[in-house]
Every structure is written in C-alpha cells, then in structure tokens.
Amino acid sequence: MSEAVFYLTTPIYYVNDVPHLGHAYCTVASDIVCRYRRLQGRDVHFLTGTDEHGEKILRTAQEKGMSPKEWTDEIVPRWLEVWDALDITNDDFIRTTEERHEKPVQTFVQALYDKDEIYLGTYRGLYCVGCEAFKTEDDLVDGRCPLHPNRDIEHLEEDNYFFRLSKYAEPLIERYTSNERALMPEGRRNEIVGKLRQGLDDLSISRVSFDWGIPIPWDEKHVIYVWIDALQNYTTAVGYGQDPEMFDRVWPANVHMIGKDILWFHSVIWPAMLMALDLPLPETIFATGFLQIGGEKMSKSTLTGISPHDLISTFGSDGYRYYFMRDISFGQDGEFSWEGMVSRYNADLANDFGNLVSRVSTMVKRYLNGTLPAPPRGDEVTEAERGLRAAFENAMDDVEASFDAISPTQAAKAAFTFVRKANSYVEEVAPWSLAKDESNRRRLEVVLYELTEALRLMSLMLSPFIPRAAQELWTRLGQEGEVASHTFEAARWGGLAEGTKIVTGEPLFPRIEEE
RNA sequence: GGCAGGGUGGAGCAGUCUGGUAGCUCGCCGGGCUCAUAACCCGGAGGUCGCGGGUUCAAAUCCCGCCCCUGCAACCA
C-alpha cells in the first residue's frame, strides 16, 4: 500500500485581473508545503486554477469589447506565467470554464436538489438598473449606487434557488469546536465559531439576471451563482461525477489553503454542501493573513499594483519564495518591504548559506583536489562533529513539526539554525589551519567530508524553499538527477560516497547592494 | 459605531493559550579568523514588554478600563 495521497489546493483565483503579491503569497506557501510532503514520500496532488464565471468578469469583458471566454482566455496565460516564474509545482490547473468542471457541477447541484437541499424561493434585494445588478446595503453610498448615483435604487424581487444552509450551523459548530485542525489558525477558527453561533440563513445560489455561468440543469434560465460553481473545483478536478476511482483515492483534501477574505465560504458554505451530500470534509482549511506594503521604496505602491515579476527580477524565484515564507509569520497579517527583502536575502541566503557553500567547496577543491575522502570512522568523530550532526537532527525534527503545524515560517527558521551551526563549525575546526601541517591530513579530510555532507543535507532540507539553488548545489556536490526526486530517506548522515567530485561555481546568491 | 489583528531594546519580529531569570534576525560597539559573496565566528551595549488599575508570593503572560496603529465590513490571496 503506497502512502496516502496528500491533496492540497489553493483558491482558484478570480481572473478579473493579473496576479499580484497576495495571490502569489498563498500559492508559494502551498507549493512549499507540497514540496516538503513530496520529500517525505507522500503522493502529493497539488491543485490550483482560475475562477472564470460571474458578473464581474462578464462586465470586465464587456468593457474590453470581448466575450467573457475571450477575456479569460487572454488573461489566464498571465497567471500561468507567474506560477512558472515562481517554480510552482502544481499537478493540475483547473479553469471553471472547462467542461470537466461544468458538467460535474451540474451533477452536484442536481444531487442537492434531489435530496431536497435546494428549493425555489424569492430573493428580495436592492437593485440598480444602471448596473443591472443586485446590490447590498454596503455597496451603496448614501443609499445610491456609486456607479449610477443619479438613478434610484429599486427594491426588486427575483426567483432564486436556495440551499438549506441554515440547518448546518450546529454540525459546523460541533466540527470546529471538536477538531482543532479542521480550521486554522486558531484565531480564525474562533472567529468562525462565533459567527456560526449567531445562526445561518439559507443561501441564494442561482441568478436569472445574467447568463455567464453554469445553467441549473432542471431550470436553465438560472445560472449557478459563485459558491457552488467555484468551490466545486476542489472536487471536480479530482474526478467528482466523472471518475469515481480517482475521486475516492484523492478526496478529501488534506489542506485548502486560502486567504482570510474567503474564509467564510470555505469554512461554512463549502463544508455544509459536502455534508448535505454525505461527502467527506477537508481535513484542514488554512487561512493566510494579508500583506501590507511597508518601507520607503515601495510605499507609494498598492499591493495590487506590484507584480511578482517586479521582485523576481531582482531576488529570483528562490529569493522571493524564501523571503515571504521567512519574514512574514504564516497565518498572520504581515508587512512586505523592499528593504526587508534585501536585508533578509543578504543575511540568510547570500551571507549565511551561499557563502557557506562557497567557502566549503573552495576548501574541498583547494585542499582535497575536489575529491571527497572516505567518510569518518566512528573513532574519528569528535565532539565538534557530534555537535554539527545533532544540529542537523534537531533542525530536521523542528522542520517536520513546523510543517505539521503548517508553519513554513517556523520551518525556514529551523532549517537555518543548521546553516548557522555549520558556519560556526567551520570556525571551530579551522580547516585552513589543519591544511598547513601534513600530519593533520586525515583530520582535514574528516572535517571537509562532514561539511560537504552538511551541504548535501541542506540541499535536501532547503529545497522546498529555494528549489533552484538546492538543485544547483546538489549538482555541484556530484549528485545525480534532481534533488526534488529524492525523499528524506536520503537525509541520513554519511550519504556521500568516497571519491565524489565536488565542483565550485558562481555564488548561489550574489549579494544585493542597495543603490 | 461594529468585527479582527497588533502596540516587546534603533528597525523588524517570537514569546502571551499552559504566569516564575525577556528570546531571535538586522543594525551598532569591541575582538577573532583569513577558507569564503567586505562574507564568517566570538563577546558586548541597549528594553518601565502602549497607559492605568486589579488578581497573585510572582504578570509581557490572567482580569477590568483607556489610548494608539492596521485591516475588514460576505465574493481581490
């Protein structure tokens, strides 16, 4: 029996516009978690995609003089491009306009209808004739539509289908009060439980006022409104209604990674719909915080005004990934700044890690002609080596515990304690001193073997965060193939073979000098 | 107004749930090393833990009140 599937999803992003830092943040975190699970040998299924229906997209397309499908076809590649630039390793990418999504969504809605979970009711709301759309109280300014202030808002009624959401308040409270992993972080769980205790209304799930969406199968003048359509991607992408074998194998999701803005829909509406059809619930819903822009250099920008590309060009994919995971406490709101990014990049990636790689590989080249000696025998290992190895074991344990707690920030921090320890080990054993006296030859071989082995293990351990540098290092250490294709089975001390050729190279992370 | 998060040495943060010598990174000062990307290592200075009360032998940590900042306000992570 193979390891159970680890199924993680990002939100499907609403492609009204191009991706910004917030979208990338959530996706990068997801990718890092998935890469880590793969190293553990898990059979990972990593899904992301795009949400392409709904009124806003219809309007955006109209403004551009296109059909909605033409518009989304044009914009989706912009998203793929960013994920590619960030080395995102999603296994699938779903668009809600695909047939594999639309048909199963209808199956799902039909199933709810057949179970009497959906009924025809009347939606009463405020309607703006100019927008041809319903508005909420909060959309209005002084009781008028901000886009059409000279038109009166009308009170209108419309036949809508409703999902019997109200009856799931109790089961949801029960779930979130009894299972602390069901919704994370803790603060978010408390928030939702609090809201649930105020009770739930049934939910309108169809519209007749526009037609860019999936038709209700038994009443085609209605299109399915966002919730049932978009949320369903998590199941339709893994075979719901089409491939029962795959669906049984992959569903439920282990993690739905989302932003805190869409927490309500994921933690209330989505599980309620699954409960209605007796489907298994996702193991964990994790809501990330929001990013804010700080610092001098970019303080005039808005979050949505910065493209990930603007940062990747300076910091690289690795620098980007590492910075956001390391500097912003995962699950909380955080502040992004250019200055902070330069500082973190230089301190951790260039000075501590990149420089360690340079100094070790240079010494191996200079003192050992680039060829690894035999690993140390038990009696050749001193207190210094034991300290280095213990630091590795501790770091690995911390990293594992951190990922179990879905805390990549903590994991990155833990991994770097090993990097720092390796630097202090270099000082402690001072290979350049050993090299001055031929009688220390074997001791020199031992310490450089240990250091090189430490680099190999760092390559594995850091590869979820900095996959490119990890791969480059892996190759320089004379290792075959891709570091990412290995598992932590390879993370046992002493894995480097005698005679392995080590090569030097350009700095993995050149320092970024502030202009 | 409501809801949420936050106010900890110069900067950015952890610690607060499970009270008990205040921890990390950057910066600064001093020293070391010379293998390395002016990098690395060691040591040091620097804090009334927003304010005021309370509980306690003991509070950054629990309780009450207040001030300030940020975000949200059901479809932008």
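Letters A, B, ... mirror the listed sequences (proteins, then strands); counts begin at 1.
- If you check every strand for non-hydrogen atoms under 4.0 Å, A:Asp352 touches sugar and phosphate atoms only.
- Side chain of A:Thr362 to backbone of A:Arg359: no donor-acceptor contact under 3.5 angstrom is found.
- B:G23 and B:U70 have their C1' atoms separated by 25 Å, given to the nearest Å.
- On the P atoms, B:C29 is 27 Å away from B:A22, given to the nearest whole Å.
- Here the side chains of A:Thr50 and A:Thr72 are not in contact, with every heavy-atom distance at 4.5 Å or above.
- With a 3.5 Å ceiling on both atom-pair distances, the Watson-Crick or G-U wobble partner of B:G44 is B:C28.
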Worked check of side chain to side chain contact (heavy atoms under 4.5 Å, CB included) between A:Arg321 and A:Ile466:
CA-CA 7 Å; A:Arg321 296 164 61 98; A:Ile466 49 172; 5.9 Å; no
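- As a whole-Å value, the separation of A:Asn346 CG from B:G27 C1' is 14 Å.
- A salt bridge is absent between A:Glu472 and A:Arg468: the closest approach of a Lys/Arg side-chain nitrogen to an acidic carboxylate oxygen does not fall below 4.0 angstrom.
- You'll find that the side chain of A:Trp432 is closest to B:C33, out of B:U70, B:C33, B:A74.
- A gap of 28 Å separates the P atoms of B:G20 and B:C66, to the nearest Å.
- B:A14 sits 11 Å from B:U8 when the P atoms are compared, rounded to a whole Å.
- For the pair A:Gly331 and A:Arg188, the tightest heavy-atom approach, listed with the atom from each and the gap, is O-NH1, 4.1 Å.
- The separation of B:U18 from B:C63, taken at their P atoms, amounts to 10 Å, rounded to a whole angstrom.
- For the residue pair A:Glu428 and A:Ser424, no side-chain donor N or O sits within less than 3.5 Å of a side-chain acceptor on the partner.
- With rounding to whole Å, A:Trp264 atom CH2 is found 14 Å from B:A4 atom P.
- Across all strands shown, A:Gly259 has heavy atoms under 4.0 Å from sugar-phosphate atoms exclusively, and none from any base.
- Within the 3.5 Å criterion, the main-chain N or O of A:Thr122 finds no donor-acceptor partner in the side chain of A:Asn160.
- Within the structure, a side-chain polar atom (N or O) of A:Gln332 is placed less than 4.0 Å from OP1 or OP2 of B:A14.
- A:Pro431 comes within contact range of no nucleotide atom at all, as no heavy-atom separation falls under 4.0 Å.
- Taking the P atoms as reference points, B:A11 lies 29 Å from B:A4, given to the whole Å.
- Note: CD (A:Glu335) to P (B:C26) measures 20 Å, nearest angstrom.
- A distance-only check finds no donor-acceptor pair linking the side chain of A:Asn369 to the backbone of A:Thr371 [under 3.5 Å].
- Nucleotides B:C17 and B:U21, compared at atom C1', are 22 Å apart to the nearest Å.
- Nucleotide B:G52 has B:C64 as its partner under the Watson-Crick or G-U criteria, with both atom distances under 3.5 Å.
- OP1 or OP2 of B:U34 has at least one side-chain nitrogen or oxygen of A:Lys436 nearer than 4.0 Å.
- When the C1' atom is used for both B:U34 and B:C40, the distance is 10 Å, rounded to whole Å.
- The main-chain N or O of A:Thr284 is never found under 3.5 Å from a side-chain atom of A:Arg181 such that the two would form a donor-acceptor pair.
- Contact check, A:Ser343 against B:G27: no side-chain N or O comes under 4.0 Å of OP1 or OP2.
- Following rounding to the nearest Å, A:Glu186 (CD) and B:G15 (P) show an atom-to-atom distance of 12 Å.
- Atom C1' of nucleotide B:G12 and atom CD1 of A:Ile328 are separated by 11 Å, given to the nearest angstrom.
- Among the heavy atoms of the strands lying under 4.0 Å from A:Arg420 are primed sugar atoms or P, OP1, OP2 only; no base atom is included.
- Heavy-atom nearest nucleotides on RNA chain B were determined for A:Ile12 and for A:Lys195, and the one closer to the 5' end corresponds to A:Lys195.
- Of the candidate nucleotides B:C76, B:A74, B:C35, B:C35 has the atom lying nearest to any side-chain atom of A:Val426.
- With both pairing distances under 3.5 Å, B:C3 is matched to B:G71 as a Watson-Crick or G-U wobble pair.
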What does the list of N/O pairs under 3.5 Å between the protein and nucleotides 36-38 of chain B look like, with a distance for each?
| from | atom 1 | to | atom 2 | distance (Å) |
| --- | --- | --- | --- | --- |
| B:A36 | OP1 | A:Arg366 | NH2 | 2.9 |
| B:A36 | O2' | A:Asn355 | OD1 | 2.3 |
| B:A36 | N1 | A:Arg359 | NH2 | 3.4 |
| B:A36 | N3 | A:Asn355 | ND2 | 3.2 |
| B:A36 | N3 | A:Arg359 | NE | 3.2 |
| B:U37 | O2 | A:Phe509 | O | 3.3 |
| B:U37 | O2 | A:Arg511 | N | 3.2 |
| B:U37 | N3 | A:Phe509 | O | 2.8 |
| B:U37 | O4 | A:Gly354 | O | 3.1 |
| B:U37 | O4 | A:Asn355 | N | 3.4 |
| B:U37 | O4 | A:Leu508 | N | 3.3 |
| B:U37 | O4 | A:Phe509 | N | 3.3 |

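- Between the P atom of B:G27 and the CD atom of A:Glu339 lies a distance of 15 Å, rounded to the nearest Å.
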